[in-house]
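Encoded as structure tokens, the structure appears first; notes follow it.
Counting convention: from 1, in listed order, for ligands and their atoms alike.
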Amino acid sequence: MNAPYSERGISAVIPVLDEEASLSELIERLEAVLTALAGDRYEIIFVDDGSRDGSFAIVRHAHQRNPRIRGIRFRRNYGKSAALAVGFEHARYELVVTLDADLQDDPAEIPRLLAVLDKGYDLVSGWKQVRHDPLEKTLPSKLFNAVVSAVSGLRLHDFNCGLKAYRAEVIRTLTLYGEMHRYIPALAHWEGFRVTEIPVQHHRRKYGRSKFGASRYIKGFLDLLTVILTTRYLKRPLHLFGSIGTLLMVVGFAIALGLTIEWMLGGTYLTNRPLLLMAVAFMIVGMQLISIGLVGELIVRQSQSTREYHIREQV
Ligand code: UDP
Ligand code: MG
């Protein structure tokens, strides 16, 4: 049913920021794995995200030896999402795998990921079940995964594993920027793709250090808001802002009404009722949210650029 890998071809996309120490070993192992799977129908695309070390020189060298190894180099550091997005744009084959450049992800897992893909999935994500990272990283990550699971409706243990396998259609519909790479499985799920995960080996970082600092959590959270807004409410901003706004208005009005009745019945002065302030604030903020939703609707109506649907197939 599925054509052999040597017909469909495999593109590996790897974001690289200052990973010169691990690249040679990674290239060697990837070449071995991909040749075994797909003969010569594979490519390894390194996207150098503004490295200041010799990373790109290693890629250039490897390219001279084996033209299936390709390199794209950013002028400066744009972030992992941008690196993946560019790599995806250049990927030519029907099957696409991503992995980190630091050897924490094991190239030997690629065959298993692809095998699961061929069972009828569009995206198979790695799950670092036994994780070799410091506690200050694994703990927030647990929380992150729980929140994204709950919000997205896609139950995964590990959204942000670098090791993933895709059918090419998936990467063509994804729009990645900011720190969106953390939500790839959720984005794909919302587009209607079939997404799953399997446990994979994870290794300690041997060389260099992690490229993400504490700011990852704040940025990650803000991007979650963007993801929710742009995927779920892109075409109907009034549903999001209007419902919160209406709720606030109703609650505010009910409180104000209660206070008014109380005042009419028996002379409590509204000047010493702090609740009045809350009622007024609720009503004003509620009205503002509804207005924002309406303005959003106008903007959506103006812009035809965003299609709401993607067609899977036609007969
Ligand atoms: N990376 C990148 N651009 C960045 C940060 C990271 O291309 O701005 C790459 C990095 O070289 C690695 C992968 O993304 O291949 C994952 O980064 P890292 O290992 O530092 O993340 P961690 O494993 O600590 O989550
Ligand atoms: Mg890493």
Side-chain angles (χ1 to χ4, degrees), residues 11-30 44-59 62 69-91 96-107 109-110 125-145 148 156-164 171 174 176-185 200-221 223:
S11 301
V13 174
I14 301 154
V16 179
L17 175 60
D18 295 333
E19 310 280 7
E20 62 178 358
S22 55
L23 279 184
S24 300
E25 186 184 336
L26 177 67
I27 291 172
E28 215 171 280
R29 290 172 59 186
L30 269 173
I44 306 173
I45 304 175
F46 288 99
V47 184
D48 183 341
D49 185 16
S51 296
R52 290 164 178 277
D53 66 358
S55 292
F56 202 74
I58 296 173
V59 174
I69 297 168
R70 305 166 61 195
I72 299 166
R73 187 182 195 180
F74 281 157
R75 199 170 292 284
R76 64 167 174 84
N77 176 247
Y78 287 99
K80 189 176 175 182
S81 287
L84 286 174
V86 169
F88 287 161
E89 255 170 55
H90 286 78
V96 179
V97 297
T98 58
L99 64 165
D100 288 353
D102 54 4
L103 285 172
Q104 289 197 272
D105 297 332
D106 199 324
E109 298 284 7
I110 293 174
S125 183
W127 165 20
K128 299 170 295 233
Q129 194 170 29
V130 183
R131 204 172 156 177
H132 299 280
D133 275 322
L135 192 71
E136 77 262 17
K137 217 157 109 182
T138 52
L139 216 60
S141 158
K142 274 221 166 72
L143 178 73
F144 170 85
N145 285 307
V148 180
L156 291 192
H157 296 88
D158 192 356
F159 281 82
N160 190 20
C161 182
L163 191 55
K164 289 185 169 63
I171 59 164
L174 292 176
L176 296 181
Y177 61 91
E179 311 272 301
M180 296 300 184
H181 62 269
R182 300 210 167 87
Y183 304 101
I184 289 175
V200 292
Q201 290 276 336
H202 184 243
H203 303 286
R204 207 170 296 280
R205 210 182 222 285
K206 264 205 280 185
Y207 314 100
R209 54 189 183 79
S210 174
K211 305 302 183 303
F212 296 100
S215 71
R216 69 163 79 201
Y217 305 119
I218 302 158
K219 290 187 196 160
F221 171 70
D223 279 343

Does ligand 1 come near enough to Asp100 that some N or O of the ligand is less than 3.5 Å from an N or O of the residue? no
If you count the atoms of ligand 1 from 1 in the order shown, which ones are under 4.0 Å from a heavy atom of Asp49? 2 (C), 3 (N), 4 (C), 7 (O), 8 (O)
Identify the closest protein heavy atom to atom 17 (O) of ligand 1: which residue and atom is it, and at what distance? Phe212 CE1, 3.6 Å
Considering only heavy atoms from C-beta outward, does the side chain of Leu176 approach that of Lys80 to under 4.5 Å? no
In terms of the angle between their ring planes, are His132 and His202 parallel, tilted or perpendicular, with boundaries placed at 30° and 60°? parallel
Tell me, which protein residue and heavy-atom name are nearest atom 19 (O) of ligand 1, and how many Å apart are they? Asp102 OD2, 2.6 Å
With a 4.0 Å cut-off, would you call Asp106 and Arg29 a salt bridge? yes
Would you confirm whether Ser55, through its side chain, and Glu20, through its main-chain N or O, come within 3.5 Å as a donor-acceptor pair? yes
I'd like to know if the Mg ion (ligand 2) has an N/O/S atom from Ser210 within less than 2.8 Å of it, counting both backbone and side-chain atoms. no
Determine whether more than 12 heavy atoms belonging to other residues, nucleotides or ligands lie under 6.0 Å from atom NZ of Lys142. no
Can we say Glu25 and Lys206 salt-bridge, meaning some charged N sits less than 4.0 Å from an Asp/Glu carboxylate O? yes
Nearest non-hydrogen protein atom, atom 1 (N) of ligand 1: Leu17 CB, 3.9 Å
Among all protein heavy atoms in this structure, tell me which lies nearest to atom 18 (P) of ligand 1, with the distance rounded to 0.1 Å. Arg205 NH2, 3.5 Å
Of all the non-hydrogen atoms in the protein, which one sits nearest to atom 14 (O) of ligand 1, and at what distance? Lys80 CD, 3.5 Å
Atom 12 (C) of ligand 1: closest protein heavy atom, distance to 0.1 Å, is Glu19 OE2, 3.5 Å
For atom 9 (C) of ligand 1, grab the closest protein heavy atom and report residue, atom and distance to one decimal in Å. Pro15 O, 3.7 Å
Identify, by atom number and element, the atoms of ligand 1 in contact range of Gln104, meaning under 4.0 Å from any of its heavy atoms. 19 (O), 23 (O)
Of all the atoms in ligand 1, which lie at a distance below 4.0 Å from a heavy atom belonging to Asn77? 3 (N), 4 (C), 8 (O)
Only N/O/S atoms count here: what is the atom of Asp102 closest to the Mg ion (ligand 2) called? OD2
So, for Phe74 and Phe56, is the gap between ring centers shorter than 6.0 Å? no
Would you call Gly162 a ligand 1 contact, heavy-atom distance under 4.0 Å? no
Any heavy atom of Asp133 under 4.0 Å from ligand 1? The part involved is neither
Looking only at protein heavy atoms, identify the closest one to atom 20 (O) of ligand 1 and say how far it is in Å. Lys211 N, 2.6 Å
Taking only Lys NZ, Arg NE, NH1 and NH2, and the carboxylate oxygens of Asp or Glu, determine whether Arg209 and Asp18 approach each other closer than 4.0 Å. no
What atoms of ligand 1 come closer than 4.0 angstrom to any heavy atom of Lys137? 22 (P), 23 (O), 24 (O), 25 (O)
NZ or CZ of Arg73 within 45° of Tyr78 ring axis and under 6.0 Å: no
Tyr207 six-ring centre to Arg205 NZ/CZ under 6.0 Å and within 45° of normal: no
Counting C-beta onward and ignoring hydrogens, is there a side-chain heavy-atom pair between Glu179 and Phe212 closer than 4.5 Å? yes
